[in-house]
Amino acid sequence: MRVQATVDLAAVRANVRALRARARGAAVMAVVKADGYGHGALACARAAKRAGAAWLAAATPHEALALRAAGLPGPVLCWLWTPGDPWAEAVSADIDISVSGEWALREAVAAARTTGRTARIQLKADTGLGRNGCQPADWAALVSAARAAEAEGLADVTGLWSHFACADEPGHPSIATQLSAFHEALKIAEVAGIRPEVRHMANSPATLTLPESHFDLVRPGLAVYGLSPVPQVGGPADFGLRPAMTLSARLAGVKRVPAGHGVSYGHTYTTPGETTLALVPAGYGDGIPRHASGTGPVLVAGKWRTVAGRVAMDQFVVDLGGDAAHAGDEAVLFGPGDRGEPTAEDWAAACGSIVYEIVTRVGARVPRVHVNAVDEVDAVNAVDEVDAVDEVEGAGGVGGA
Ligand SMILES: *Cc1c(COP(=O)(O)O)cnc(C)c1O
């Protein structure tokens, strides 16, 4: 295999159990948007369900419908809607539609009429993120329009929710402001007679660091894949998480070159002495950031090496400094770190990015190889690891941090 992303589904399951333990009474909604942050949405969704995630979430309707097409049962929330999207298909598939404004409510209600079904909708409040969500000034009107749709049997408000701007910076003043704005939005909806199944706000950092944001449901994405959303507070292990993805390649060639030899486009690297160069067959066409040129760390022949010169579309070079290696030897770009390899966090630091982007950008050309799947047949309904939460709690495995 030229390059591959190995995804450990046992890690995904353990991460979901750790998150359930963190969430205490609240249920877990596993976010599997963007192909499960690059890990493979379907396999990770099944693993998350198996480990007791009650809900799934996707950004786009296409992603949500793909979960249903693959047979994933249970509630699925989808929040990024555009006019012209498959609203009716989503209503038919019992996908929970996030509604941030009256235009979206009208689309959902029209889809309910078309399909003869009740649209499951979740009203989203903008409590300060300034992205999607309904502004406080428009909230009461949206709530009452939703109540009217409920009265007509066209909609069922299953959730009230919001999203943080700075939960990854514990103590940021916007966190308390957003929480109190959310409480205010909940009160208005409650007074109007809305009785949602779930109220939720917590993404991964809030799930891990802010219990008062848990409400009925937590909504982690990154942490499901075992990456820390608050690296300045702690790494994955500090939160009882394990990175699920290992990105590795097989060297496409190794050769001796003399001193003063330019390497890759633009010759931004020149060999300082006679040395050995190894060719790693992965480039920005595979999602390797070009910003890793001259900085990205790679484990080759037992040591960390650095990308020498520019990352090209399909390949980059590392300087082995005279060490021996052979075509076909493994190069590990990142993984959980326990074989001494760099982590996605190391790549984020090397490229001026965040771990979210490092794993999500792994390209479609890179095969995902899922390991440690458990009996996927019927796994989604089995939830046979639910009780493991008590074990995790009893062992104190996810305390602290
Ligand atoms: C991506 C996303 C999440 C998950 O965020 P993480 O930080 O990865 O846990 C939750 N809610 C919304 C609205 C999102 O867009």
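Counting from 1, the numbers follow the sequence of the chain as shown. Note that ligands are numbered from 1 as they come in the structure, with each ligand's atoms numbered from 1 the same way. If you're wondering where the values come from, they're calculated on a predicted model, not measured in any experiment.
By the 4.0 Å N-to-carboxylate-O rule, Asp338 lies close enough to Arg242 to be salt-bridged with it.
In this structure a side-chain-to-backbone donor-acceptor pair under 3.5 Å is missing from Arg305 to Val318. In this structure a side-chain-to-backbone donor-acceptor pair under 3.5 Å is present from Arg368 to Val366.
The proximity of Arg131 to ligand 1, defined as any non-hydrogen pair under 4.0 Å, is limited to the side chain. Heavy atoms of Arg219 found under 4.0 angstrom from ligand 1 belong to the backbone as well as the side chain.
Close contacts of ligand 1 with Gly221, meaning ligand atoms under 4.0 Å from a residue heavy atom, involve 4 (C), 6 (P), 8 (O), 9 (O). Residue Lys33 approaches ligand 1 through these ligand atoms, each under 4.0 Å from one of its heavy atoms: 1 (C), 2 (C), 3 (C), 14 (C), 15 (O). Atoms of ligand 1 lying under 4.0 Å from any heavy atom of Leu222, numbered from 1 in the order shown and given with element: 6 (P), 8 (O), 9 (O).
For ligand 1, the polar-atom distance check against Trp161 finds no nitrogen or oxygen pair separated by under 3.5 Å. On a distance-only criterion, Tyr37 and ligand 1 share at least one N/O pair closer than 3.5 Å. The shortest N/O to N/O separation between Pro205 and ligand 1 does not fall below 3.5 Å.
Contact annotation: the side chain of Trp55 approaches that of Asp96 to within less than 4.5 Å [non-hydrogen atoms, C-beta and beyond]. Between Met201 and Thr127, some side-chain heavy-atom pair lies under the 4.5 Å cut-off.
Ring centers of His183 and Phe215: under 6.0 Å apart, within the cut-off.
When hydrogens are left out, the protein atom nearest atom 9 (O) of ligand 1 is Ser204 OG, 2.5 Å; that is the closest non-hydrogen contact. Annotation: atom 7 (O) of ligand 1 to nearest protein heavy atom, Tyr356 OH, 2.6 Å.
The residue from Asp319, Val307, Thr271, Val257 that alone fulfils the side chain to side chain contact (heavy atoms under 4.5 Å, CB included) condition with Val263 is Thr271.
Look at Pro220 and you'll find a heavy atom under 4.0 Å from some atom of ligand 1.
Taken from CG in Leu179 to CG in Leu210, the straight-line distance is 5.5 Å, to the nearest 0.5 Å.
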